[in-house]
Amino acid sequence: MNKRNLDAKRIVIKIGTSSLLYQDTSKLNLRSIERLAFVLSDLKNQGKEVVLVSSGAIGVGMGRLGLSKRPDTIPAQQAVASVGQGELLGIYEREFQHYGKSVAQMLLTRDVLVYPQSKKNVFNAFQELLKMNVIPIVNENDTVSVDELDHKTKFGDNDQLSAIVANLIDADLLIMLSDIDGFYSGNPLSNPSAELYHTITNIDGSIIQAAGGVGTKFGTGGMVTKLKAAKRILKNHQKMILANGKNPRIIYNILAGDPVGTLFEPFLNQKKLSRKKD
Ligand code: ADP
């Protein structure tokens, strides 16, 4: 399989809850977080610009408060998220500091899409942080976001948030790390013969159909929200790679152009979807 040509300097990395927590115990996967901090710090040393979009606030909050079940009410979810967000940022701060890197917390609401002034402010804040060599760590502002009809400030999920951030800062690449090797022709959990797509250039009906329901206990979106994110990326003529975040060192393979994960890129010369041949 040919190498991909990905010349990416400004990179957004989204990590899902399923890569941050152990499924069985719901506790933090410290090894994964430590490796992520190492790889992203190393990329900074190579001169790349890196933005991390991290899920996990509710899952981490549940672990900290000893809850085995996600709370049902929105106020309780928001309270748990605020506990988890603090702890999560504290862990990132410690891990990145180990490699001499500074991080910044960016908690966003949908206002960045609705109000041009908010969008401009957030864009300027990103620019300044990147200029200062800081790694922005982005999440939805779960504690205050609401989903009311007349006042919708929620993005809904971090997959789409990561695509919005990639659009906003004009990133060269969005790397979406999940608990699966890429996008398959069906949910591999229920369909063992599903095949991994190497490249997708257009999100058509058959692709949407291949995205089954939600995946894991903590993950909220499954593939549906990842496809929505990919759609946004393709529309903006950008690129996204969906890959397995089990070992964040996969980011090195991705940037080296190795054929790992599924690449979503705008239609260029390819006539049709190419499937990975093993
Ligand atoms: P994350 O927490 O990383 O955002 P999710 O658990 O929300 O991840 O979504 C990933 C899950 O989506 C996979 O583990 C898989 O079970 C499920 N899934 C459904 N359809 C597909 C598909 N076509 N290809 C790959 N994974 C799929």
Side-chain angles (χ1 to χ4, degrees), residues 11-44 50-72 76-108 134-143 145 155 157-159 161-162 165 175-181 189 214-222 225-226 242-252 254 261:
I11 305 160
V12 176
I13 291 119
K14 188 258 167 178
I15 184 124
T17 310
S18 53
S19 309
L20 293 171
L21 299 179
Y22 288 112
Q23 290 295 315
D24 297 342
T25 62
S26 312
K27 301 274 187 224
L28 279 168
N29 185 336
L30 293 172
R31 183 169 53 177
S32 199
I33 295 174
E34 187 191 54
R35 283 177 171 169
L36 183 69
F38 169 80
V39 175
L40 299 194
S41 300
D42 199 30
L43 293 184
K44 289 289 295 174
V50 172
V51 173
L52 176 64
V53 177
S54 177
S55 299
I58 291 192
V60 172
M62 282 167 58
R64 168 48 75 100
L65 297 170
L67 306 175
S68 54
K69 184 175 152 285
R70 196 181 164 101
D72 296 325
Q77 284 170 12
Q78 293 186 318
V80 173
S82 63
V83 170
Q85 180 66 26
E87 178 166 0
L88 194 57
L89 238 286
I91 293 162
Y92 279 130
E93 166 73 31
R94 263 202 324 272
E95 290 300 329
F96 279 98
Q97 204 179 43
H98 192 71
Y99 302 108
K101 299 291 175 260
S102 300
V103 299
Q105 172 172 254
M106 301 267 288
L107 296 177
L108 303 182
V134 171
I135 300 172
I137 302 184
V138 184
N139 190 11
E140 165 140 37
N141 195 347
D142 292 318
T143 314
S145 288
F155 292 103
D157 61 84
N158 274 357
D159 294 330
L161 172 59
S162 64
V165 168
I175 298 178
M176 199 171 281
L177 297 177
S178 185
D179 62 345
I180 191 113
D181 289 343
L189 284 185
V214 288
T216 55
K217 173 157 84 154
F218 291 112
T220 45
T225 54
K226 288 173 184 55
L242 173 65
N244 200 325
K246 193 168 56 194
N247 185 347
R249 282 173 188 259
I250 196 169
I251 293 171
Y252 287 127
I254 291 171

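The basis for the numbers below is simple: all heavy atoms, side chains too, and nothing from hydrogens, waters or symmetry mates.
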J.: Give me each pair satisfying salt bridge (Lys or Arg N to Asp or Glu O under 4.0 Å) with a member in residues 51-67, each pair once, sequence neighbours excluded.
T.: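 Matches after skipping sequence neighbours: Arg64-Glu87.
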J.: Run the side-chain contact (heavy atoms from CB on, under 4.5 Å) test on Ile15 and Leu52 for me, step by step, so that the C-alpha distance in whole Å, both residues' side-chain angles and the decisive distance to 0.1 Å come before the verdict.
T.: CA-CA 8 Å; Ile15 184 124; Leu52 176 64; 4.0 Å; yes
J.: Less than 4.5 Å apart, side chain to side chain, heavy atoms only: is that true for Phe38 and Arg249?
T.: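 Contact flag for Phe38/Arg249 side chains = yes.
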J.: Testing the basics here: between Leu36 and Ile251, what is the closest heavy-atom pair and its distance to 0.1 Å?
T.: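 What the structure gives for the nearest pair is CD1-CD1, 4.3 Å.
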J.: Evaluate the side-chain proximity of Val12 to Val51: yes if any heavy-atom separation is below 4.5 Å, no if none is.
T.: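 Yes, their side chains come closer than 4.5 Å.
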J.: Heavy-atom distance under 4.5 Å between the side chains of Glu140 and Leu161, does that happen here?
T.: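 With C-beta onward as the side chain, the pair touches.
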J.: Checking side-chain contact (heavy atoms from CB on, under 4.5 Å) for the pair Asn29/Leu21: CA distance, chi angles, key distance, verdict?
T.: CA-CA 5 Å; Asn29 185 336; Leu21 299 179; 6.0 Å; no
J.: As a quick check of understanding, evaluate salt bridge (Lys or Arg N to Asp or Glu O under 4.0 Å) for Lys27 and Asp24, giving each step before the final call.
T.: CA-CA 8 Å; Lys27 301 274 187 224; Asp24 297 342; over 6 Å; no
J.: Cut-off 3.5 Å, side chains only: do Tyr252 and Asp42 have a donor facing an acceptor?
T.: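 Their side chains do contain a donor-acceptor pair, which is all the 3.5 Å distance test asks for.
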J.: Can you tell me how far OG of Ser55 sits from CG of Asp159, rounded to the nearest 0.5 angstrom?
T.: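 Rounded to the nearest 0.5 Å, the CG-OG separation comes to 7.0 Å.
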J.: Measure the shortest side-chain to side-chain distance between Ile33 and Leu20 over non-hydrogen atoms and say whether it is less than 4.5 angstrom.
T.: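 Yes, at least one pair of side-chain atoms sits under 4.5 Å.
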J.: Give, for atom CG of Leu40 and atom CD1 of Ile13, the distance between the pair rounded to the nearest 0.5 Å.
T.: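 If I round to the nearest 0.5 Å, the distance is 4.5 Å.
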J.: Restricting to non-hydrogen atoms, name the atom on Ile135 and the atom on Lys101 that form the minimum distance, rounded to 0.1 Å.
T.: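 In terms of heavy atoms, the two residues are closest at CD1-CB, 4.2 Å.
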J.: How would you list, by chain and number, every residue that makes a salt bridge (charged side-chain N to carboxylate O under 4.0 Å, His left out) with Glu93, sequence neighbours excluded?
T.: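 Salt bridge (charged side-chain N to carboxylate O under 4.0 Å, His left out) list for Glu93, sorted by chain: empty.
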J.: How close do Leu88 and Ala57 get, heavy atom to heavy atom, and via which atoms?
T.: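 Between these two residues, the closest heavy atoms are CD2-N, 4.1 Å.
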J.: Could you check whether any side-chain heavy atom of Asn158 comes within less than 4.5 Å of a side-chain heavy atom of Lys14, counting everything from C-beta outward?
T.: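 Yes, their side chains come closer than 4.5 Å.
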J.: Surrounding NZ of Lys44 (heavy atoms of other residues, nucleotides or ligands, distance under 6.0 Å), is the total greater than 12?
T.: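 Yes, NZ of Lys44 has more than 12 neighbouring heavy atoms, counting only those of other groups under 6.0 Å.
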J.: Dump the intermediate steps for side-chain contact (heavy atoms from CB on, under 4.5 Å) on Leu242 and Lys226, then the final yes or no.
T.: CA-CA 8 Å; Leu242 173 65; Lys226 288 173 184 55; 3.8 Å; yes
J.: Which pair of heavy atoms, one from Ser19 and one from Ser32, lies closest together, and at what distance?
T.: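 Reported closest heavy-atom pair: O-OG, 3.3 Å.
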J.: Apply side chain to side chain donor-acceptor pair (under 3.5 Å) to Ser54 and Asn139, showing your working.
T.: CA-CA 6 Å; Ser54 177; Asn139 190 11; over 6 Å; no
J.: How about Ile250 and Asn247: do any of their side-chain heavy atoms sit closer than 4.5 Å?
T.: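 With C-beta onward as the side chain, the pair stays apart.
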J.: Taking all non-hydrogen atoms of both residues into account, name the closest pair between Phe96 and Ile137 and its distance.
T.: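 Shortest heavy-atom contact: CE1-CD1, 4.3 Å.
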J.: Do the non-hydrogen side-chain atoms of Val165 and Leu108 ever get within less than 4.5 Å of each other?
T.: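 Yes - at least one pair of side-chain heavy atoms lies under 4.5 Å apart.
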J.: So which atom in Val80 and which in Ile58 form the shortest heavy-atom distance, rounded to 0.1 Å?
T.: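 Result for this residue pair: CG1-O, 3.5 Å.
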J.: Is there a side-chain contact between Met62 and Ser26 in this structure, where contact means two heavy atoms from C-beta onward sitting under 4.5 Å apart?
T.: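 Side chain of Met62 against side chain of Ser26, heavy atoms only: no contact under 4.5 Å found.
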J.: Which value, rounded to the nearest 0.5 Å, describes the distance between Glu95 atom CD and Arg35 atom CZ?
T.: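 Going from CD on Glu95 over to CZ on Arg35, the span is 12.5 Å.
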